Student: 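First the structure, then my questions, so here it is.
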Amino acid sequence: MAEQMPGKPPMLPRVALALAVCSGLIAHAQDAAGDGAWPMAAHDYANTRFSPLDQVNARNVHSLKLAFSFKTGTTRGNEAAPVVVGSTMYVVTPFPDYLYALDLSRPGANVKWRFDPKPKASAQGVACCDTVNRGVAYDGGRIFMNTLDGDTIAVDAASGNEIWRAHLGDITRGETITMAPVVVKGKVLVGNSGGELGVRGWLTALDAATGKIAWRAWSTGPDADVLIGERFKPHYAQDRGKDLGKTTWPPDAWKIGGGNAWGWISYDPKLDLIYYGTGNPGPWNPDQRPGANKWTSGVFARDPASGEAVWYYQWSPHDLHDYDGVNENVLVDLPIGGKTRAVLLHPDRNGYLYVLDRATGEVLSADPFATITTSFGVDLGDGKLRYNPEKTPRAGRVVHDICPASPGAKDWQPSAWSPRTHLLYIPHNNLCQDAGTYETSYIAGTPYVGADVKMKPGPGGNRGEVLAWDPLARKKVWAIDEKFPAWSGALVTAGDVVFYGTMDGWFKAVDARDGKLLWKFKTDSGVIGQPVSYRGPDGRQYIAVLDGVGGWAGGVVSADIDTRDGSAGLGFTNVMKDLPQYTKKGGTLYVFSLP
Amino acid sequence: MRALLVLIGLAVALGGCDREERKLAKLPSAAPSPATGERRGDLQPGQKGSGLEQTTSSRSFDGKNAFELAQGKRLFRWYNCSGCHSMGGGGMGPALMDNRWIYGHEPDDIYRTIMEGRPNGMPSFRGRIPDAQVWQIVGYIRSISGLAPKAAAPGRNDGLAVTRPENERERATPRNAPGSG
């Protein structure tokens with residue numbers, strides 16, 4: 001139930017809905033994006049995180065001021081993007097997954113309503129990497145949200161009342177949901193988390209009207225479960241064959257093999273295909289799962305109506321280091337080889353920036369954007385990643401200087417693409433690690449990892465970096481060193497400003513063309529959220545971001561991890577021991593504008 | 001003086017016996033394990049209902065015995081306790097090497113926490129782990145924050161060394177949360 005807040009008279013949901021319909025306020029996700037709104041975490045189906053607003057630009061951003069702030073009442077990691085449609089902003093918090101609607105038409109943006117989904121407290125014990133929630137999606141007058149304990153809920157955007165609730169994940173098997181849903185053609189797309197607990201991954205489509213499951217595509221198992229049929233035409237030979245999701249595993253290992261779709265989903269309306277990545281295979285210890293472990297650590301293109309797979313490509317076959325393949329696929333059209341090609345850009349955890357033909361899944365280029373010791377490159381002939389055998393974990397021995405470390409050259413933190421500069425702005429990590437693997441037992445609902453990991457800073461000593469990448473020249477154009485992993489999302493605007501936050505609590509604006517620092521603001525807690533930009537009801541451009549350090553990288557603060565144990569928090573602690581000296585727990589929304 | 005040395009020697013030797021003793025069979029005089037109440041969380045590792053709901057048990061805690069603690073350390077990893085609590089620093093679950101005990105630090109408190117589970121994510125392992133092994137894990141957990149004698153606490157890791165061994169840890173004087181056992 002929604003709680004009505006003071007300052008706004010309670011309104012019957014049906015009346016509110018009728019009013020919304022009459023005044024034509026109900027917008028669909030993609031239509032809304034063009035109008036100064038921010039209707040989904042990634043802004044648009046192409047996952048650009050590009051705001052077309054240009055009031056705030058590289059020349060005036062230095063005078064940006066705080067317009068208002070709002071405490072979320074939570075202290076775990078805030079990885080979400082605020083969503084804005086019309087005169088309302090929707091903010092979802094980490095567990096217990098509160099959903100707030102803030103009225104942007106009133107000074108200070110008071111709370112219109114708060115929806116409390118009341119997730120089960122036990123869910124906190126099976127969330128691998130803090131109890132985060134990466135955002136909600138708006139479509140057709142409804143907000144669609146996920147809860148840590150495995151529910152997807154449709155909430156009436158006007159009243160905050162629950163419309164339907166679908167129970168998709170089972171925490172007793174270690175299954176949680178942390179990703180931001182996406183609505184495509186009347187279907188709510190949701191993927192599960194649990195790659196560190198032997199949870200079998202899936203992407204599920206729910207009917208946006210009713211919450212009924214339309215289809216579910218598993219990431220492992222027989223073709224029927226993976227929705228592989230007639231239309232499946234992968235570009236490379238190694239991805240063709242019957243039931244590879246079963247035969248590339250030891251018997252039954254695919255049932256607890258991971259491949260969770262906990263990242264980003266993009267959609268190309270012209271090709272009518274959705275794109276999303278699959279997570280790491282389980283357990284991390286590769287000796288327990290000989291084989292290519294399909295369809296983990298790869299990318300699927302599917303028909304959103306039926307879920308049928310159209311193509312697949314595996315970034316990291318038989319993944320050795322927890323390189324999930326779930327990072328964003330940014331859909332852009334680029335002039336390559338004398339003609340315009342529809343491609344997707346994908347900065348992977350394994351350290352390569354991939355350019356794929358998004359109609360076929362062919363790799364057009366794959367270039368390192370970070371330090372890599374675990375592989376030598378991607379063969380553009382057969383599409384295979386060439387592993388460095390020296391960095392292959394073997395049970396009972398310690399392998400040193402594995403780069404990138406398990407969180408990858410870049411983890412979940414999404415990049416932004418500017419159609420003006422033709423650059424991809426990538427916040428990412430500069431981490432390496434030593435690792436020892438061992439045989440681990442599978443006990444449903446407990447971790448299934450089998451690796452001790454000790455992370456350390458990568459070459460240069462800076463643990464993070466924000467860089468601008470030119471996918472045509474296939475090179476870095478500029479880069480900014482950050483002390484800690486750059487764990488926030490990036491935003492780029494038509495004013496040619498890039499915004500991002502740091503774990504030590506700075507929200508920064510830099511010049512999109514040369515990376516020059518133009519403005520910064522000290523936040524109460526470190527920033528790991530996704531900055532957004534919108535046009536307010538007053539016609540002005542606003543920039544919004546949540547602080548609240550945490551996530552996998554920030555557990556030393558948000559989860560009170562004891563830094564004397566470097567292996568704590570799946571090995572991240574060793575490289576984050578000094579974070580508590582720079583920041584503390586928090587949860588605040590900051591909204592900025594020009595004075 | 002000589003008598004004193006002999007006495008000290010004898011005391012050390014006897015202490016050593018205690019440390020080294022391996023109780024392979026349950027003592028007939030052993031007290032029963034404390035009664036555990038209803039499960040306090042939604043999580044029950046393994047398949048629900050496949051284990052024994054209640055096992056007959058005796059309280060076989062021995063926090064001074066090196067063998068018991070070493071076994072506890074092995075089992076702490078075997079049952080994936082380390083997956084959440086790491087080597088004491090925590091992660092998905094709280095740290096165990098500090099002085100904060102949300103649900104109590106006495107052996108019986110820890111035993112109940114393992115068996116009953118706790119509402120914010122600690123699974124209930126009752127029916128999943130044999131009772132004597134739970135007591136070994138209890139002993140080991142106390143050694144993580146230096147609550148076991150240094151002579152009995154484990155002195156090495158079998159894998160990657162990322163923290164000081166348990167027998168080098170300073171005793172972290174427990175500070176139980178208000179209202180806990």
Side-chain angles (χ1 to χ4, degrees), chain A residues 95 120-131 149 170-174 196-198 283 395-399 433-455 552 555-556 559-574, chain B residues 39-51 74-100 102 113 117-125 128-129 144-146 157-166 168-170 172:
Chain A
F95 182 90
K120 289 192 177 82
S122 292
Q124 297 169 92
V126 287
C128 82
C129 311
D130 206 355
T131 57
D149 67 340
D170 178 5
I171 57 167
T172 67
R173 287 190 294 118
E196 281 57 56
L197 292 98
R397 78 180 177 117
V398 174
V399 179
Q433 71 188 19
D434 302 337
T437 48
Y438 59 90
E439 193 182 342
T440 186
S441 35
Y442 176 77
I443 305 171
T446 71
Y448 187 50
V449 174
D452 292 328
V453 166
K454 183 180 182 178
M455 295 184 206
W552 187 9
V556 289
D560 296 311
I561 284 174
D562 195 310
T563 56
R564 290 172 293 174
D565 175 6
S567 77
L570 295 162
F572 223 132
T573 300
N574 195 61
Chain B
R39 296 183 198 266
R40 306 293 178 93
D42 295 311
L43 307 175
Q44 289 176 45
Q47 223 179 337
K48 264 189 194 171
S50 66
R74 184 179 68 81
L75 296 168
F76 186 79
R77 170 162 279 192
W78 186 248
Y79 288 112
N80 296 338
C81 313
S82 58
C84 292
H85 301 286
S86 308
M87 297 183 193
M92 288 185 234
L96 301 175
M97 68 204 301
D98 60 14
N99 62 358
R100 294 196 308 159
I102 304 169
T113 296
R118 295 298 176 222
N120 287 313
M122 174 69 199
S124 161
F125 282 87
R128 183 79 210 181
I129 307 180
I144 292 174
S145 60
N157 256 347
D158 289 333
L160 194 67
V162 280
T163 181
R164 293 165 70 83
E166 291 80 355
E168 286 181 24
R169 305 231 175 110
E170 288 307 311

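These numbers come from the heavy atoms of this one structure, side chains and all, not from hydrogens, waters or symmetry mates. Letters A, B, ... mirror the listed sequences (proteins, then strands); counts begin at 1. Everything quoted here is computed from the prediction, not taken from an experiment.
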Student: Any non-hydrogen side-chain atom of A:T446 less than 4.5 Å from a side-chain atom of B:Y79?
Tutor: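 A:T446 does not reach B:Y79 side chain to side chain.
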Student: Is B:R40 in contact with chain A via its backbone, its side chain, both, or neither, using a 4.5 Å heavy-atom distance?
Tutor: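 For B:R40, there is no contact with chain A at all, as no heavy atom is under 4.5 Å.
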Student: Quick one: which of A:I443, A:N574, A:T573 has the most heavy-atom pairs under 4.5 Å with chain B, could you say?
Tutor: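 That would be A:I443.
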Student: Looking at B:N80 and A:P447, would you say the former's side chain and the latter's main chain have a donor-acceptor pair under 3.5 Å?
Tutor: yes
Student: Considering non-hydrogen atoms only, spot the tightest contact between B:S86 and A:A568 and give its length.
Tutor: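 Heavy atoms of B:S86 and A:A568 come nearest at OG-CA, 3.1 Å.
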Student: Show the nearest heavy-atom pair for residues B:G91 and A:A559, with the distance to one decimal.
Tutor: O-CB, 4.2 Å
Student: Does any heavy atom of chain B fall under 4.5 Å from the side chain of A:A123, the backbone, both, or neither of them?
Tutor: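 Neither the backbone nor the side chain of A:A123 comes within 4.5 Å of chain B.
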Student: So, for B:M87 and A:S567, which heavy atoms are closest and what is the spacing to 0.1 Å?
Tutor: CG-OG, 3.5 Å
Student: Check each atom of A:T440 against the heavy atoms of chain B and say whether the ones under 4.5 Å are side chain, backbone, both or neither.
Tutor: side chain
Student: Counting N and O atoms only, with roles assigned by atom type, does the side chain of A:R564 sit under 3.5 Å from a partner on the main chain of B:M97, one being a donor and the other an acceptor?
Tutor: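 Yes, the answer is positive, given that a donor and an acceptor are paired below the 3.5 Å cut-off.
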Student: Quick check for you: to the nearest 0.5 Å, what is the distance between A:D562 atom CG and B:I144 atom CD1?
Tutor: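 Here the interatomic distance stands at 11.0 Å.
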Student: Tell me, out of A:T563, A:D560, A:V556, A:V449, who's got the most heavy-atom pairs with chain B below 4.5 Å.
Tutor: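 Of A:T563, A:D560, A:V556, A:V449, A:D560 has the most heavy-atom pairs under 4.5 Å with chain B.
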Student: Ignoring hydrogens, what is the shortest heavy-atom contact between A:S441 and B:W78? Give both atom names and the distance.
Tutor: OG-O, 2.6 Å
Student: How long is the straight-line distance from OG1 of A:T172 back to CG of B:D42, given to the nearest 0.5 Å?
Tutor: 8.5 Å
Student: Nearest 0.5 Å please: distance from the OG atom of A:S122 over to the CE atom of B:M122.
Tutor: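 If we round to the nearest 0.5 Å, A:S122:OG and B:M122:CE are 11.0 Å apart.
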Student: Does any non-hydrogen side-chain atom of A:D452 lie less than 4.5 Å from one of B:V162?
Tutor: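 The answer is no; the side chains never approach within 4.5 Å.
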Student: Do B:L160 and A:Q433 come close enough that some side-chain heavy atom pair is under 4.5 Å?
Tutor: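 Side-chain contact under 4.5 Å: no.
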